[in-house]
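Everything on this sheet refers to the single structure shown next.
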2 protein chains.
Amino acid sequence: MSHHNQRHMHLGAFLFQVGHHVAAWRYPETDAHGILTHTFYENFAQLAERGKFDMIFLADTLAVVDRGQTGIKHTVSVRPEPLTLLAYLSGVTKHIGLAATVSTTYNEPYNLAREFSTLDHLSGGRAAWNVVTSGRDEEAHNFSLAAHPGHEERYERAREFVDIANALWDSWEDDAIIGDKQSEQFADPDKVHELHHRGQAFSVRGPLNLPRSPQGRPVIIQAGASETGRRLAAETAEVVFTAWQTLEEAQRFYREVKSLAVANGRPPEDIKIMPGIYAVIGTTEEEARAKEAALQDQVLPAVGLSMLSASLNVDLTGYPLDGPLPDLPELASINGGKSRFQLVSEMAKREGLTIRQLIYRVTGARGHRTIAGTPSQIADQLEEWFTQGACDGFNIMPPTLPGGLEEFVEHVIPELQRRGLFRTAYTGTTLREHLGLVRPVSQFAKGTSTV
Amino acid sequence: MSHHNQRHMHLGAFLFQVGHHVAAWRYPETDAHGILTHTFYENFAQLAERGKFDMIFLADTLAVVDRGQTGIKHTVSVRPEPLTLLAYLSGVTKHIGLAATVSTTYNEPYNLAREFSTLDHLSGGRAAWNVVTSGRDEEAHNFSLAAHPGHEERYERAREFVDIANALWDSWEDDAIIGDKQSEQFADPDKVHELHHRGQAFSVRGPLNLPRSPQGRPVIIQAGASETGRRLAAETAEVVFTAWQTLEEAQRFYREVKSLAVANGRPPEDIKIMPGIYAVIGTTEEEARAKEAALQDQVLPAVGLSMLSASLNVDLTGYPLDGPLPDLPELASINGGKSRFQLVSEMAKREGLTIRQLIYRVTGARGHRTIAGTPSQIADQLEEWFTQGACDGFNIMPPTLPGGLEEFVEHVIPELQRRGLFRTAYTGTTLREHLGLVRPVSQFAKGTSTV
């Protein structure tokens, strides 16, 4: 196989608690108290950077979700604020991208644009924003709302929010700062632009009080797979995180989103598609499967049932574990977590899974694809999806942390590198350069369009 | 003078652009582009930590203020977002406190409480929040409001906001996390509390999705000196930043705020009062005065007039520079920056200053006290205020950065240490320990009161 000019896959290191498996904190090798210490996060970030990952990815939830009374008692209801955590990590890393999930439903565009711009400046161009609209009533209740706003309303606000953020990041043209002590001019007022945005959800005058950042704009990530989510992604996203179980559905999604992007006047390579992968690694396939089963044995039945119930928006208490799912609500009635609902319900139908089998799927991979095997078997699977038009890379979800990431960095990454599928060194300095994304020109430069 | 058990002063290092003087960026030794680089901030923080400062302090403005068309062109209209910057700095420092100004008018309590809690966890207990209500129409226009909300409305919201933040920080009792792999319990639900807060401005259910942080609650700072501001400070603040020109007014303020605190059932030592000091340091007094004048010579007349006009909420264009101020608006009509208005107008009256002389006072010290002299003269002045019941310490505002802070650390700090007035090493690990403040017990512990 020739390694010259070969296309490289992109990899995200998805940081979640002490591992993605719901029982990871009870696994013998994890440190349940690690989630309160800076050294845990520092180790994770430096390990991912050693593995030459494109970026660290952080999800978010703006509440403690304690449905069925199992949340606080048996699971890790701890969520450091992603931007604050990534700003800390920017000081202890040099190359790796830093992707934070922040909600458009419960924030103000001026604050968000400043925070990401500050992170992009301080990190030398490594910031990315995963745009979400949030999904739970518990979150609404922490923000003075009686209920979570509707799907369409949230996506309209999100679209307007992203447009404003982009305009704020563009509001100082790249060469606006003069800083000439002799001419007495700090900046050129003709290159610093007010927005005077007046929309449905927001009025924002601008300009931002920060000059344009190294990446021009932080990288925009999107994860919603609903139809509205896909449309928003095709219009605005540069990276799409997604969850698929089979090669065929991943290929279909890949084709569809790339076509939607093209229909929006964007080259297909300007949008990178990265499914989540829950990889359980062993020196033999048997060892990997035994490890997967050992983690699963730690799941308390009530916790599993509660997670599956939340994914499907239905209370499954009392149904036989070895029987099928009861009738589910209509997709249209789901407000928040639409794509998770669709994924899990379709998986159940396609594979004819029992409630117990479904619990098994959501407590670890949370609906994402599981691969349990040797480093070489895992590399085979990743290579297949990557070369068969199903994706541009993967978001890696280690079952336990830091162990699961350590194994991936030490055994799977070298295998991908040997096959010429992944970088052996960082060649750029910004996340855009790692991802092969262009640096956008300011919309205010040389008479291009404004908001 | 005995140094045993002597009371130590507390010092803040006030980080502002490349120096507090409005023309600092044009001073030969400053780097106008430094404000865009992480090394500039890292050097500042490590220098302040070398000087054993209690904390770094960051002010904030949520807009570019460009009145009179001099802002963008001639001054530094760049403001990194304070929390993001301090989170970065927490990774490159070990001991120093990290105080961020964040507005209660343009944020949500759940977001703010998470951000500060995350910073407190990551920094090992070094976070402080300077509570402000913001002060300008330009800020309102970036947050979908037609005008800046009224003084009373903002302070009522601020009071409610601080109560909610405190309750969120208290919502996990200190021993709520069990983390016992055997008993399968991650946390004790009886020690994690919902707030069910329903107030005028906010409804917040809680709990926070972060356990109690090392300091219990971040240190609360307040700077408003209006009557409402003082009341809020006496009720909620643990540090008060303030600006006074004379020993007598500083002593009066000190007595008043301490008495108000006592009237609120708080011991007077639970609230530390720290005036701002703009120190210009020379090897001789003449050198210091020449340095002060050299900086002043860099101020463009239009910039000075614009700054003074903004402080006094009146357009001074056209008035003779060597004449007195015209009639000023009533104090009651000032909405935002009330204490700055009062300070500058009283200074003008007391000292019979011309417009030109007043410009001189606001372009450097911005209304705070200026001391130009040798390290020993500066130490004399600080010692006098500190020992004569005018303050518990100072917030140091270097005219230029990093030079002005470097001089303070190398020459004034050793002089204060020789006199037994300042620590020679950090003895605690948290900012509360540096400041001698107690760690608050959670309001939810053992049946104490709730919000």
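Just so you know, these numbers come straight off a predicted model, no measurement behind them. A, B, ... follow the sequence lines: proteins, then strands. Residue 1 opens every chain.
Nearest heavy atoms, A:Pro207 versus B:Val64: CG-CG2, 3.9 Å. Shown here for B:Ala201 and A:Ser144, the closest heavy-atom pair between the two residues is O-OG, 4.1 Å. Residues A:Thr84 and B:Leu122 share a closest heavy-atom pair of O-CD1, 4.2 Å. Annotation for B:Pro28 and A:Lys181: closest pair O-NZ, 3.8 Å, computed over non-hydrogen atoms. Closest of all the heavy-atom pairs between B:Arg114 and A:Pro80 is NH2-O, 3.3 Å.
Counting heavy-atom pairs closer than 4.5 Å to chain B, the top residue among A:Val92, A:Leu119, A:Asp60, A:Leu83 is A:Asp60. Looking only at heavy-atom pairs under 4.5 Å with chain A, the residue among B:Asn142, B:Val204, B:Asn107 that has the most is B:Asn142. Of the listed residues (B:Thr118, B:Thr75, B:Leu89), the greatest number of heavy-atom pairs within a distance under 4.5 Å of chain A belongs to B:Thr118. For the options A:Thr37, A:Val303, A:Asp180, heavy-atom pairs under 4.5 Å to chain B are most numerous at A:Asp180. Between chain A and the options B:Asp31, B:Thr30, B:Leu62, the largest number of non-hydrogen pairs under 4.5 Å is found for B:Leu62. For the set B:Ala32, B:Gly91, B:Ala63, B:Gly124, the count of heavy-atom pairs under 4.5 angstrom toward chain A peaks at B:Ala63. Interface remark: of the candidates B:Glu138, B:Glu108, B:Gln298, B:Glu108 forms the most heavy-atom pairs closer than 4.5 Å to chain A. Each of A:His121, A:Gln182, A:Gln185, A:His196 has some count of heavy-atom pairs under 4.5 Å with chain B, and the biggest count is that of A:Gln185. With chain B as the partner, the residue from A:Val192, A:Val76, A:Leu145 showing the most heavy-atom pairs under 4.5 Å is A:Val76. Interface check for chain B: of the options A:Thr61, A:Asp188, A:Asp190, A:Val65, the most heavy-atom pairs under 4.5 Å are formed by A:Thr61. Counting heavy-atom pairs closer than 4.5 Å to chain B, the top-ranked of the candidates A:Arg79, A:His141, A:His33 is A:Arg79.
With rounding to the nearest 0.5 Å, the separation of CD1 in B:Ile35 from CZ in A:Phe186 is 3.5 Å. Here B:Ser77 contributes atom OG and A:Leu208 contributes atom CG; the two are 11.5 Å apart, rounded to the nearest 0.5 Å. Once rounded to the nearest 0.5 Å, the distance linking CG of B:Asn209 with CD1 of A:Ile72 reads 10.5 Å. Atom-to-atom distance recorded for B:Ile178:CD1 and A:Lys73:NZ is 8.5 Å, nearest 0.5 angstrom. Within the model, atoms CD of A:Glu184 and NE2 of B:His74 stand 6.5 Å from one another, a figure rounded to the nearest 0.5 Å.
Residue contact with chain A, scored on non-hydrogen atoms closer than 4.5 Å, is absent for B:Leu168. Only the side chain of B:Leu300 comes within contact range of chain A, with heavy atoms under 4.5 Å apart.
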Next on the checklist: Using the rule given for side-chain contact (heavy atoms from CB on, under 4.5 Å), can you reason through B:Ile177 versus A:Leu36, listing the C-alpha separation, both sets of side-chain angles and the distance that settles it, and then say yes or no?
Outcome noted: CA-CA 11 Å; B:Ile177 291 194; A:Leu36 305 178; 4.0 Å; yes
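Contact residues of residues 39-46 of chain B toward chain A are B:Tyr41 (heavy-atom distance under 4.5 Å).
Residues satisfying the salt bridge (Lys or Arg N to Asp or Glu O under 4.0 Å) test with B:Arg205, not counting sequence neighbours, are B:Glu194.
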